Colleague: 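Before we start, here is the structure in question, set down as structure tokens.
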Amino acid sequence: MGSKRRDNWGSRLGVIMAVAGSAIGLGNFLRFPAKAASNGGGAFMIPYFISLLLLGIPLMWIEWTLGRYGGGFEHGTAPGIFHSVWQKNRFIKYFGVIGIFGPLVIFIYYTYIESWTLAYSVFSLAGKYVNLADQASMQGFLRGFQGLEHNQYFNGIGPAYLFFLLTFAVNTCVIYYGIKGGIERLCKWAMPLLFIFGLLLLFRVFTLGTPDSARPEWNILNGFGFLWNPDFSALKSAKVWLEAAGQIFFTLSVGIGVILTYASYLSKGDDVVLSGLTASSTNEMTEVILGGSIIIPAAFVFFGPVDIQSIARSGVFNLGFVTMPLVLNKLPLAQILGFIWFFLLFLAGITSSVSLAQPAVAFLEDEFDINRKKAVIIFGAVCFLLCQPAIFFLGNGVVDELDFWGGTFFLVLFATIETILFAWVFGMEKAWDEIHRGADMRVPRIYKFIIKYITPLFLLFILGMWLWQEWLPIIFMKNVSPQSKPFILGTRLGLLFIFVTLGVLVKIAWGRKRAQLERAR
Ligand code: PFF
């Protein structure tokens with residue numbers, strides 16, 4: 001061991017851009033506005049910011065610190081990192097499997113959705129949907145594209161598949177070039193471009209004014225009012241609090257393992273306190289200011305206070321791929337604006353999806369001593385196969401199922417495990433020193449208390465509440481239609497298979513290492 005040198009980041013700005021790139025994704029521009037609008041508007045920001053302070057920020061610091069610590073032992077993924085923290089425990093490495101499994105599962109569907117944004121940015125420039133002016137036809141366009149129906153716009157899934165291949169190839173290519181040469185290089189130009197595109201759209205939305213003088217109340221100020229006027233009665237619902245916590249996890253990319261992997265490429269003395277905080281703040285600014293100012297206020301101006309209610313609840317895909325194109329179609333330079341919107345989403349998507357791919361690749365490199373090129377080829381081949389059900393069985397709820405397990409269930413479970421490991425097994429005193437190694441600023445002391453008691457209790461509480469209120473019906477497939485049941489069951493068996501396979505790989509890797517150590521003696 002120790003013969004090969006692990007990859008590393010080229011600069012501090014580079015790693016911050018990469019982590020911010022992972023955090024800023026489709027979640028910021030689609031998921032956040034949809035959640036805020038349907039969960040109390042401005043009032044949603046209360047549980048949202050409480051979750052940010054008590055869960056998001058602490059988890060960010062925990063993951064940056066644990067990742068850097070594990071990297072010192074040449075481990076870039078949770079099995080090895082957890083094992084380094086708790087060497088006496090033989091089982092803890094298997095809990096770490098979630099940190100490879102979760103990102104892999106999200107990657108499978110996230111990349112497919114990301115490919116739609118690339119496709120739509122091309123369609124927009126080519127004027128393929130510019131004449132569509134109502135919900136029904138735009139919806140038909142989307143369903144035709146997704147292969148859910150044959151219609152006048154599309155007669156098969158061919159174009160969607162082509163864009164998927166392209167997106168998949170670009171992702172694999174970035175990973176192939178490594179941390180500094182691929183991911184960091186991508187994020188360094190994609191992130192500034194993303195901000196420029198976001199600001200352009202923000203400016204366009206702010207200057208919408210009152211497009212229809214016959215309906216003066218359909219104006220942009222009321223559009224912002226719709227999203228931000230607080231409905232405090234929403235705070236009485238446990239669901240609103242859970243949704244806010246879920247959004248914080250998803251948007252910051254914490255609780256899943258990708259930050260562990262990114263941080264493992266830091267050096268021992270690199271600051272994590274300020275860097276972690278900077279990456280999180282960049283994400284929050286983008287989410288609340290850009291994400292919260294584009295889609296919902298713009299849709300309000302054109303659809304009015306009544307229809308916006310159902311639009312906000314119509315789900316993330318509808319908002320992004322149906323409502324927003326319709327809104328932009330009503331403006332001058334519609335084709336360019338449409339391109340800017342979808343390419344913005346594509347940039348946000350790709351800088352997130354590469355972070356989801358990296359843990360699996362790092363696992364093969366670190367634990368099996370495979371070189372990066374070979375690791376990427378294995379990852380690419382396996383992942384390509386795994387993506388197929390998400391593409392072809394989209395209509396049967398496969399994507400939602402993957403999102404539940406990868407993007408919700410295991411996320412909270414993993415966050416709980418790593419927090420307890422950090423604060424209680426590693427020990428808060430040692431953890432506090434480790435956080436501050438090379439740090440450019442001190443973490444406020446209150447966080448010692450928060451990380452030790454509040455974060456784990458909050459997580460256990462959420463885990464329990466979710467199980468009780470929402471997960472039991474999902475786990476027992478209460479709301480699944482009979483014709484979708486076999487697909488959901490198939491997806492679950494597939495996920496179980498992936499999980500067990502990863503567990504077996506961990507066992508094999510540790511067995512090999514033990515044998516190597518014994519031979520060396
Ligand atoms: N944070 C990303 C978003 O907001 O779209 C999604 C994501 C990326 C979640 C990476 C989890 C992750 F590990």
Side-chain angles (χ1 to χ4, degrees), residues 17-36 48 51-52 55-56 59-60 62-64 67 76-78 98-114 116-117 171 174-175 183 186-187 190-191 194 198 243-264 276 279-288 290-292 295 316-317 319-320 344-363 399 402-415 418:
M17 288 279 207
V19 175
S22 169
I24 299 172
L26 304 176
N28 296 51
F29 295 97
L30 299 177
R31 203 173 185 269
F32 170 75
K35 293 276 174 209
Y48 180 87
S51 304
L52 175 68
L55 295 175
L59 278 164
M60 191 76 164
I62 292 174
E63 293 198 3
W64 276 75
T77 43
I98 306 173
I100 307 164
F101 173 83
L104 195 66
V105 172
I106 303 183
F107 180 86
I108 292 169
Y109 66 86
Y110 200 88
T111 318
Y112 184 43
I113 298 166
E114 180 186 316
W116 304 350
T117 64
N171 270 284
V174 173
I175 303 293
I183 297 177
L186 165 79
C187 292
M191 297 312 286
L194 180 153
E243 295 266 16
Q247 177 59 21
I248 284 294
F249 279 109
F250 192 84
T251 188
L252 287 173
S253 308
V254 292
I256 192 83
V258 307
I259 310 254
L260 290 178
T261 301
Y262 271 11
S264 77
S280 315
S281 331
T282 312
N283 178 69
E284 285 316 307
M285 209 180 62
T286 314
E287 172 141 304
V288 179
L290 290 182
I295 201 162
V316 167
F317 296 157
L319 265 180
L344 163 84
L345 292 184
F346 177 69
L347 293 173
I350 189 160
T351 49
S352 297
S353 57
V354 292
S355 77
L356 291 161
Q358 188 59 31
V361 173
F363 175 66
V399 167
L402 293 174
D403 185 47
F404 171 71
W405 294 103
T408 316
F409 184 89
F410 279 114
L411 213 128
V412 192
L413 190 63
F414 187 77
E418 67 183 358

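Predicted model only: the values in this text are computed from it and were never measured. Values reported hereafter were calculated over all heavy atoms of this structure, with side chains retained and with hydrogens, waters and symmetry mates removed. As the structure lists them, so they are numbered: ligands from 1, and atoms in each ligand from 1.
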Colleague: Would you mind running through ligand 1 and noting each atom that sits below 4.0 Å from a heavy atom of V258?
Modeller: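 The list of qualifying atoms is 13 (F).
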Colleague: Looking at T261 and G76, would you say the former's side chain and the latter's main chain have a donor-acceptor pair under 3.5 Å?
Modeller: yes
Colleague: Around atom 11 (C) of ligand 1, find the nearest protein heavy atom and jot down its residue, atom name and distance.
Modeller: S253 CA, 3.8 Å
Colleague: Considering residues at least two apart in sequence or located in another chain, which fulfil the salt bridge (charged side-chain N to carboxylate O under 4.0 Å, His left out) criterion with E243?
Modeller: K35, K239
Colleague: Can a donor-acceptor pair be found between the side chains of E287 and T251 at a distance below 3.5 Å?
Modeller: yes
Colleague: Would you mind running through ligand 1 and noting each atom that sits below 4.0 Å from a heavy atom of S22?
Modeller: 1 (N), 2 (C), 8 (C), 10 (C)
Colleague: Between the side chains of N171 and S353, does any donor sit under 3.5 Å from an acceptor?
Modeller: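 Yes - a donor-acceptor pair under 3.5 Å links their side chains.
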Colleague: Suppose I only count heavy atoms of L26 and a 4.0 Å limit; which atoms of ligand 1 are within that range?
Modeller: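 This gives 5 (O) as the contact atoms.
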Colleague: Under 3.5 Å, N or O to N or O, is T251 touching ligand 1 that way?
Modeller: yes
Colleague: Against heavy atoms of N28, which atoms of ligand 1 measure under 4.0 Å?
Modeller: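 Under 4.0 Å from N28, ligand 1 has these atoms: 4 (O).
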Colleague: To check your reading of the model: name the closest protein heavy atom to atom 4 (O) of ligand 1, its residue, and the distance in Å.
Modeller: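 It is A23 O, 3.1 Å.
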Colleague: Could you find the nearest protein heavy atom to atom 9 (C) of ligand 1 and give me its residue, atom name and distance?
Modeller: F250 O, 3.5 Å
Colleague: Suppose we measure from atom 13 (F) of ligand 1 to each protein heavy atom; which comes out shortest, and what is that distance?
Modeller: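 That would be I256 CG2, 3.0 Å.
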Colleague: Which residue owns the protein heavy atom closest to atom 12 (C) of ligand 1, what's the atom, and how far is it?
Modeller: L356 CD2, 3.4 Å
